[in-house]
Amino acid sequence: MADVRVRFAPSPTGYLHIGGVRTALFNWLFARHAQGKFILRIEDTDQDRSTEEAIQAILDGMRWVGLDWDEGPFRQTDRMDLYRQQAIRLLEQRQAYWCVCRAEELEARRKDAMAKGLQPGYDGRCRERGITNQNGDAALRFKASREGQTVVEDLIKGRVVFENNILDDLIILRSSGYPTYNFSVVVDDALMGVTHVIRGDDHLNNTPRQIPIFKALGYDVPRFGHLSMIMGADKAKLSKRHGATSILAYKDMGYLPEAMINYLVRLGWSFGDQEIFSLPELIEKFDLAHVQKSSAVFNPDKLQWMNAHYIRHGEPKRLAGLLRPFFGQVGLGEAAEKVSDEWLEKLVVALRERARTLVEMATAAAPYVQDKIVVEAAAAEKFLTPEIAPLLANLTDRFERVTDFSKTVLEETFKKFLEDEGLKIGQLAQPVRVALTGRTASPGIFEVIDLLGRERILARLRQGIALAGRTRP
RNA sequence: GUCCCCAUCGUCUAGCCUGGCCUAGGACGCCGGCCUUUCAAGCCGGCAACACGGGUUCAAAUCCCGUUGGGGACGCCA
């Protein structure tokens with residue numbers, strides 16, 4: 001077989017959403033697996049709705065998840081001559097004709113037909129009129145066959161048969177001279193040598209309209225594979241209503257691209273019981289045969305679990321770098337600037353088991369990056385009691401006398417203190433935790449100590465003693 | 001309305017093509033326990049599904065038909 005060539009062809013009429021990324025991912029994986037080419041093509045023939053910002057957002061999104069392309073990004077608006085040439089060829093071959101029906105008329109007729117329960121398609125009234133495009137404002141229609149069947153041997157759905165009599169003559173060139181989707185895709189897929197068209201389910205009905213165009217133009221028809229859609233919790237096609245569906249929104253919420261990829265690939269594709277896949281593994285194992293035919297509901301909980309997994313197992317150094325931009329978002333921007341990369345790495349190691357997103361991690365980092373903390377009232381109430389005050393004071397004295405303020409020495413000092421006082425670690429760890437972090441939950445107490453450093457430990461211990469010793473109502 | 005697609009725990013799925021190994025497996029979530037300096041993580045256990053009805057067969061989650069349900073498409077959008 002010829003070398004595999006696939007493409008991802010989004011239209012820049014909005015941001016790149018989850019569903020688009022999954023389609024891109026499946027194409028990308030298919031290409032990488034087959035050592036073929038992955039082409040990025042921007043379908044911007046809708047002059048009214050396409051925007052430069054959307055193109056940028058698509059590119060940024062693709063880069064963020066790491067889906068790199070071998071060719072492109074091509075823009076259809078740069079290829080107008082090609083479509084017009086091909087369209088004229090069809091006209092000359094008498095496989096296309098000019099139509100002077102007005103858009104408004106067509107719309108009215110369509111509504112009328114729908115209301116009467118008839119097929120809403122174009123009735124073909126200009127089909128045999130032999131109109132010449134004298135005024136330059138006619139649309140060009142493809143003359144579709146009304147007989148026989150068009151069969152799609154879909155790589156995912158299997159054999160799908162369409163009766164040609166349900167097809168109408170679709171417009172391939174608008175009166176503006178711009179090609180329509182169903183025509184430009186065919187021309188581009190043919191000219192770019194695309195061998196496999198892997199796209200959303202919502203295009204399955206377009207396939208029997210596109211196949212005859214490939215044939216009329218004399219090109220090979222590519223293989224098709226139609227992916228089921230991703231739905232929201234309400235089982236409707238994923239849209240803005242379902243909250244953050246822009247892929248970049250997930251970046252901002254503190255998700256890791258590898259978690260996103262891993263989650264998305266499992267939405268419709270499986271390899272036995274396996275859930276976690278590295279990228280090389282995905283490239284090696286991905287195939288269309290194990291792609292689910294039915295649609296899948298997007299499950300934020302599982303994505304979050306997946307993200308937590310990658311945070312826990314990720315390389316601390318990289319995570320630390322990814323974490324930095326999030327401090328600003330949680331109001332720790334200034335405090336975090338003073339922090340060294342080395343220290344931050346240590347912080348990541350301490351926090352990664354309890355953070356599901358980078359936002360959560362940044363939030364949890366507050367007591368460690370800030371100089372001053374506010375002790376939660378309930379925590380102080382419960383653990384910073386008058387009885388604990390002297391113990392805290394004695395511990396502080398011991399810490400003050402320590403000259404080598406290293407984790408090991410501090411831990412030894414702490415344990416020695418427990419021994420001398422005849423205490424179990426559980427009796428003192430919680431009060432100390434509350435004094436040092438202001439919270440009842442934190443990483444291991446010795447990790448906390450290691451993170452804070454002498455000055456802050458002593459200051460917070462003293463603050464804790466003060467809180468514990470105060471008289472209460 | 002017409003056409004097309006789909007149908008296993010709440011959700012993602014394995015199994016289906018090539019019927020028996022299925023008392024239907026895994027994962028997320030949920031519940032309980034263990035571990036434990038807290039919270040997590042980890043480990044162990046639990047709840048929970050073959051949409052329905054007909055066939056075919058010795059045997060059906062698996063094959064066939066129908067019903068129901070869900071989704072998508074029917075644009076001078078893509």
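The chains referred to below are lettered A, B, ... by the order of the sequence lines, with proteins before strands, and numbering in each begins at 1. Computed over heavy atoms, backbone and side chain alike; hydrogens, waters and symmetry mates excluded.
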So what does A/Ser270 hit on the nucleic acid, given a heavy-atom distance under 4.0 Å: a base, only sugar-phosphate, or nothing? sugar-phosphate
Quick check: on RNA chain B, is the nucleotide nearest A/His313 upstream (toward 5') of the one nearest A/Asn206, or the reverse? Name the residue that is more 5'. A/His313
In whole angstrom, what separates A/Arg159's CZ from B/C4's P? 14 Å
Hits for side chain to side chain donor-acceptor pair (under 3.5 Å) against A/Glu360, two or more places apart or cross-chain, chain-then-number order -> A/Arg356
Spell out, as yes or no, whether a donor-acceptor pair under 3.5 Å connects the side chain of A/Asp188 to the backbone of A/Arg41. no
Counting only side-chain heavy atoms from C-beta out, which of B/G72, B/A78, B/G26 sits nearest to A/Asp202? B/G72
Separation of the P atoms in B/C3 and B/G75, to the nearest angstrom: 16 Å
Rounded to the nearest Å, what distance is computed from the CD1 atom of residue A/Ile311 to the P atom of nucleotide B/G42? 13 Å
Working for salt bridge (Lys or Arg N to Asp or Glu O under 4.0 Å), residues A/Arg159 and A/Asp154: CA-CA 6 Å; A/Arg159 163 181 277 243; A/Asp154 196 272; over 6 Å; no
Tell me what A/Arg433 touches on the nucleic acid: a base, only sugar-phosphate, or nothing, going by heavy atoms under 4.0 Å. base
Whole-angstrom distance between B/A27 and B/A48, as gauged at atom C1': 14 Å
With respect to the phosphate group of B/A78, does any side-chain polar atom (N or O) of A/Thr45 fall under 4.0 Å of OP1 or OP2? yes
Within the structure shown, what part of the strands sits under 4.0 Å from A/Ser228 by heavy-atom distance: base, sugar-phosphate, or nothing? nothing
Only one of A/Tyr255, A/Phe326, A/Tyr250 passes side-chain contact (heavy atoms from CB on, under 4.5 Å) with A/Thr357; say which it is. A/Tyr255
In whole angstroms, the gap separating P of B/C76 from CH2 of A/Trp98 amounts to 15 Å
Sticking with atom C1', work out how far B/A61 lies from B/U2, rounded to a whole angstrom. 33 Å
Sorted by chain and number, sequence neighbours left out, ring pair (Phe, Tyr, Trp, His ring centres under 6.0 Å) with A/His309 holds for A/His313
With sequence neighbours excluded, tell me which residues meet side chain to side chain donor-acceptor pair (under 3.5 Å) with A/Arg89. A/Gln86
Quick check on contacts: within residues 164-173 of chain A, what sits under 4.0 Å from RNA chain B by heavy-atom distance? A/Ile166, A/Ile171
P-based separation of B/G55 from B/U62 [nearest Å]: 15 Å
Inter- and intrachain pairs under salt bridge (Lys or Arg N to Asp or Glu O under 4.0 Å), touching residues 292-316 of chain A, at least two apart: A/Glu275-A/Lys302
Ring centre gap for A/His196 and A/Phe30 strictly below 6.0 Å: yes
List every contact pair, protein side and nucleotides 6-11 of chain B side both N or O, where the distance is under 3.5 Å.
from: B/U11; atom 1: OP1; to: A/Lys235; atom 2: NZ; distance (Å): 3.1

Under 4.0 Å between any heavy atoms, over every strand shown, what does A/Cys99 touch: base, sugar-phosphate, or nothing? Just pick one. nothing
Base, sugar-phosphate or nothing for A/Pro208? Non-hydrogen atoms, less than 4.0 Å. nothing
Atom CZ of A/Arg312 and atom C1' of B/A40 are separated, to the nearest Å, by 9 Å
Pick base, sugar-phosphate or nothing for A/Met231, based on heavy-atom distances below 4.0 Å to the nucleic acid. sugar-phosphate
For the ring pair A/Phe286 and A/Phe26, is the centre-to-centre distance below 6.0 Å? yes
Only pairs under 3.5 Å count here: list side-chain donor-acceptor contacts from residues 433-444 of chain A, not counting sequence neighbours, and write none if there are none.
from: A/Arg433; atom 1: NE; to: A/Gln430; atom 2: OE1; distance (Å): 2.7
from: A/Arg433; atom 1: NH1; to: A/Ser442; atom 2: OG; distance (Å): 2.8
from: A/Arg433; atom 1: NH1; to: A/Pro443; atom 2: O; distance (Å): 2.9
from: A/Thr437; atom 1: OG1; to: A/Arg433; atom 2: O; distance (Å): 2.8
from: A/Thr437; atom 1: OG1; to: A/Arg439; atom 2: N; distance (Å): 3.1
from: A/Thr437; atom 1: OG1; to: A/Arg439; atom 2: O; distance (Å): 3.2

Could you tell me how far B/A51 sits from B/C17 if I compare only their P atoms? Round to whole Å. 16 Å
What does A/Arg352 touch in the nucleic acid at a heavy-atom separation under 4.0 angstrom: a base, only the sugar-phosphate, or nothing? nothing
Quick note, ring-ring contact (aromatic ring centres under 6.0 Å, His included) partners involving residues 103-136 of chain A, not counting sequence neighbours, are none
To the nearest Å, how far apart are A/Arg110 CZ and B/G1 C1'? 15 Å
Side chain of A/Gln119, base of B/G1: donor and acceptor closer than 3.5 Å? no
Base, sugar-phosphate or nothing for A/Gly444? Non-hydrogen atoms, less than 4.0 Å. base
Regarding A/Glu43, tell me which of base, sugar-phosphate or nothing describes its non-hydrogen contacts under 4.0 Å with the strands shown. sugar-phosphate
Sequence neighbours excluded, the answer for side chain to side chain donor-acceptor pair (under 3.5 Å) partners of A/Arg102 is none
Roughly, in whole Å, what's the span from CZ in A/Arg439 to C1' in B/A40? 14 Å
Can you check nucleotides 23-25 of chain B for protein contacts, nitrogen or oxygen pairs under 3.5 Å, and list what you find?
from: B/G25; atom 1: N2; to: A/Asp273; atom 2: OD1; distance (Å): 2.8

Per the atom types in the model, does the base of B/C76 pair as donor or acceptor with the side chain of A/Ser175 at under 3.5 Å? yes
Distance, C1' atom - from B/C34 to B/A40, rounded to whole angstrom: 15 Å
Tell me which of A/Phe271 and A/Glu447 sits closer to the 5' end of RNA chain B, going by the nucleotide each one is nearest to. A/Phe271
Would you classify A/Gly200 as touching base, sugar-phosphate or nothing, given that sugar-phosphate means primed atoms plus P, OP1 and OP2, and contacts are heavy atoms under 4.0 Å? nothing
Using the C1' atom in both, what is the distance from B/G29 to B/C9, to the nearest Å? 12 Å
Contact class for A/His203 vs. all strands (heavy atom < 4.0 Å): base, sugar-phosphate, or nothing? base
Selection residues 414-435 of chain A - residue pairs positive for ring-ring contact (aromatic ring centres under 6.0 Å, His included), sequence neighbours left out: A/Phe414-A/Phe446
With both distances kept under 3.5 Å, what pairs with B/U11, Watson-Crick or G-U wobble? B/A27
Among all residues two or more places apart in sequence or in another chain, which pass the side chain to side chain donor-acceptor pair (under 3.5 Å) test with A/Glu411? A/Lys415
For the rings on A/Trp269 and A/Phe277, is their centre-to-centre separation under 6.0 Å? yes
Using whole Å, what does the distance between atom C1' of nucleotide B/C5 and atom CD of A/Glu153 come to? 16 Å
To the nearest angstrom, the CG-C1' distance between A/Asn205 and B/C4 comes to 5 Å
Identify whether any heavy atom of A/Leu267 sits under 4.0 Å from a base atom; if not, whether one sits that close to sugar-phosphate; answer base, sugar-phosphate or nothing. sugar-phosphate
For nucleotides B/G25 and B/U68, find the distance between their P atoms and express it as a whole number of Å. 32 Å
